[in-house]
Q: 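Below is a structure I'd like to ask you about.
Quantities reported herein were computed from a predicted structural model and do not represent experimental measurements.
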2 protein chains.
Amino acid sequence: MTTSKKPTSPERPSLEEAYPTTVEGLVLEERLGYALRRAQLKVFKHFDEAMREHDIRPAQFSSLVVIEGYPGVTQSSLAQTLSIDPPRVVSLINSLEERGLAMRVRCKRDRRSHGIFLTKTGEALVGRLKGLAEQSDLEATQSLSEIERRQLLTLLRKVYASEEGGD
Amino acid sequence: MTTSKKPTSPERPSLEEAYPTTVEGLVLEERLGYALRRAQLKVFKHFDEAMREHDIRPAQFSSLVVIEGYPGVTQSSLAQTLSIDPPRVVSLINSLEERGLAMRVRCKRDRRSHGIFLTKTGEALVGRLKGLAEQSDLEATQSLSEIERRQLLTLLRKVYASEEGGD
DNA sequence: TATTGTTATACTCTATAACTATA
DNA sequence: TATAGTTATAGAGTATAACAATA
């Protein structure tokens, strides 16, 4: 319970000479957070490669897919859906708008909010991107069978979907 | 194959008025990268809370655990093990050394390299932290049964353990 | 007064290049 | 020359506070 932050003077280990060690097995591999981060790094690396030709970042892709599914979605709703902060949505939509992929349309009923829509260009691109993303996922998880891949997706959803108050 | 980057002038959607939409189901949820990121965010949030009292970041925790398992590990080996870059290891070890948790010992055989060891303080702390981390993982995945949790860990390891050249 | 979107800011994480000291 | 560690730096991603326009 008490904060053990007070550093004692470091005790020198008994041996005088450091010896290089080869790290193989790892207690760390029992930790879920570690496994999640490593797996995510791998999958995202593949994703980056797949999207490089179109210069699309993960958050941009996610935004495009949500806007496609919910044309006219507001920025605040998008922020909530992707669980990112409103300021991030601003630069995100700016980048999509500058590239002619999406556009803001002022809402007449409530002139504070903007609806976001895909342009024709954006619609064409997101269709292609979804195919690339799916292919990238498959390549990144070649070591899994189709059944295992579905199991993994189900388990991950079960983890993040369960809200317990804070989120 | 061709890069469809040339943005055409954005076509205004047919409707004049944007309407707020409620986002519920999501095609995005079929994407592995998205599910991984969301699950990781949740697990890491719990981890942060569990470690706040000791002011320990995920990378610091991982380093402590590896050093505990492999006393005298070199910084380059640690970088490789955690798949982070050497410059990151420097500031990481600096922070641990400043807090009296770990220390560099110059290797006599090859005076370029340092072996890293835990201090007595570091050893005591990492023992406590491992317990907190395990408890945090359990809390973050309350929606999973014990069997499902093991399944998830196995699947994740299978994903990131398979090297295919690039990593 | 509350809400949508925005600006400004800062802090962490990450990646790269260039330097040093040793080999 | 090659390697281990270091320094400096810059780019993402993320989080917060403060502000403008509108309700």
Side-chain angles (χ1 to χ4, degrees), chain A residues 18-21 33-34 37-38 40-42 44-45 47-48 51-52 55-63 72-97 102-116 166-167, chain B residues 18-21 33-34 37-38 40-42 44-45 47-49 51-52 55-63 72-98 102-116 166-167:
Chain A
Y19 50 95
T21 25
Y34 181 79
R37 175 173 166 271
R38 292 296 295 264
Q40 198 219 329
L41 281 178
K42 174 151 190 171
F44 268 54
K45 201 175 116 186
F47 183 85
D48 272 356
M51 297 292 152
R52 192 181 314 147
D55 194 25
I56 288 287
R57 308 291 320 154
Q60 292 176 319
F61 174 78
S62 299
S63 301
V73 64
T74 60
Q75 296 186 201
S76 51
S77 180
L78 188 60
Q80 199 182 341
T81 302
L82 300 176
S83 69
I84 59 182
D85 300 280
R88 251 180 81 45
V89 178
V90 176
S91 52
L92 216 43
I93 302 303
N94 283 346
S95 71
L96 297 179
E97 217 169 30
M103 57 191 310
R104 295 170 167 92
V105 176
R106 194 132 224 159
C107 180
K108 277 186 178 165
R109 279 180 294 180
D110 183 344
R111 291 175 45 73
R112 290 174 302 181
S113 54
H114 299 132
I116 314 173
D167 219 334
Chain B
Y19 49 96
T21 26
Y34 180 79
R37 176 174 165 270
R38 292 296 295 263
Q40 198 218 329
L41 281 178
K42 174 151 187 170
F44 268 53
K45 201 175 117 187
F47 183 85
D48 272 357
E49 280 171 29
M51 296 292 151
R52 192 180 315 146
D55 194 26
I56 289 286
R57 309 290 319 153
Q60 292 176 319
F61 173 78
S62 298
S63 301
V73 64
T74 60
Q75 295 186 202
S76 50
S77 181
L78 186 62
Q80 199 183 340
T81 302
L82 299 176
S83 69
I84 59 181
D85 301 280
R88 252 181 80 47
V89 177
V90 175
S91 52
L92 216 43
I93 302 302
N94 282 346
S95 72
L96 297 180
E97 215 169 34
E98 281 161 18
M103 58 190 311
R104 295 172 168 92
V105 177
R106 194 131 224 160
C107 181
K108 277 187 179 166
R109 281 181 293 179
D110 183 346
R111 290 174 45 75
R112 290 174 303 182
S113 55
H114 299 131
I116 314 172
D167 218 341

Q: Measure CG/B/Asn94 against P/D/dA4 and give the value in whole Å, please.
A: 18 Å
Q: How many Å lie between CD on A/Gln60 and C1' on D/dA12, as a whole number?
A: 12 Å
Q: Are A/Arg57 and A/Asp48 side-chain neighbours, meaning at least one heavy-atom pair lies under 4.5 Å?
A: yes
Q: Measure the spacing between CZ of B/Arg38 and OG of A/Ser83 and express it to the nearest 0.5 Å.
A: 3.5 Å
Q: So, does B/Ser77 use its side chain to make a donor-acceptor pair with the main chain of B/Val73 at under 3.5 Å?
A: no
Q: Answer whether the closest heavy-atom distance between the side chains of B/Phe61 and B/Phe47 falls below 4.5 Å.
A: yes
Q: Tell me: CG of B/Leu78 to C1' of D/dT6, nearest whole Å?
A: 15 Å
Q: How does protein contact run along nucleotides 15-23 of chain D, one letter per nucleotide 5' to 3', with B for base contact, S for sugar-phosphate only, - for none, heavy atoms under 4.0 Å?
A: BBB----BS
Q: For residues 85-96 of chain B, which residue pairs pass the side chain to side chain donor-acceptor pair (under 3.5 Å) check, not counting sequence neighbours?
A: B/Gln60-B/Ser95, B/Asn94-B/Arg104
Q: Whole Å only: how far is the CD atom of B/Gln80 from the C1' atom of D/dA4?
A: 13 Å
Q: B/Gln80: what forms a side chain to side chain contact (heavy atoms under 4.5 Å, CB included) with it, not counting sequence neighbours?
A: none
Q: Taking for each residue the nucleotide of DNA chain D with the nearest heavy atom, is it A/Ala59 or B/Gln75 whose nucleotide lies nearer the 5' end?
A: B/Gln75
Q: Which is the 5'-most and which the 3'-most nucleotide of DNA chain C that has an atom under 4.0 Å from a heavy atom of chain B?
A: C/dC13 to C/dA23
Q: Test of understanding: with side chain to side chain donor-acceptor pair (under 3.5 Å), list the residues that count as partners of B/Ser76, not counting sequence neighbours.
A: B/Thr74
Q: Would you please name every residue forming a salt bridge (charged side-chain N to carboxylate O under 4.0 Å, His left out) with B/Arg112, sequence neighbours left out?
A: B/Asp110
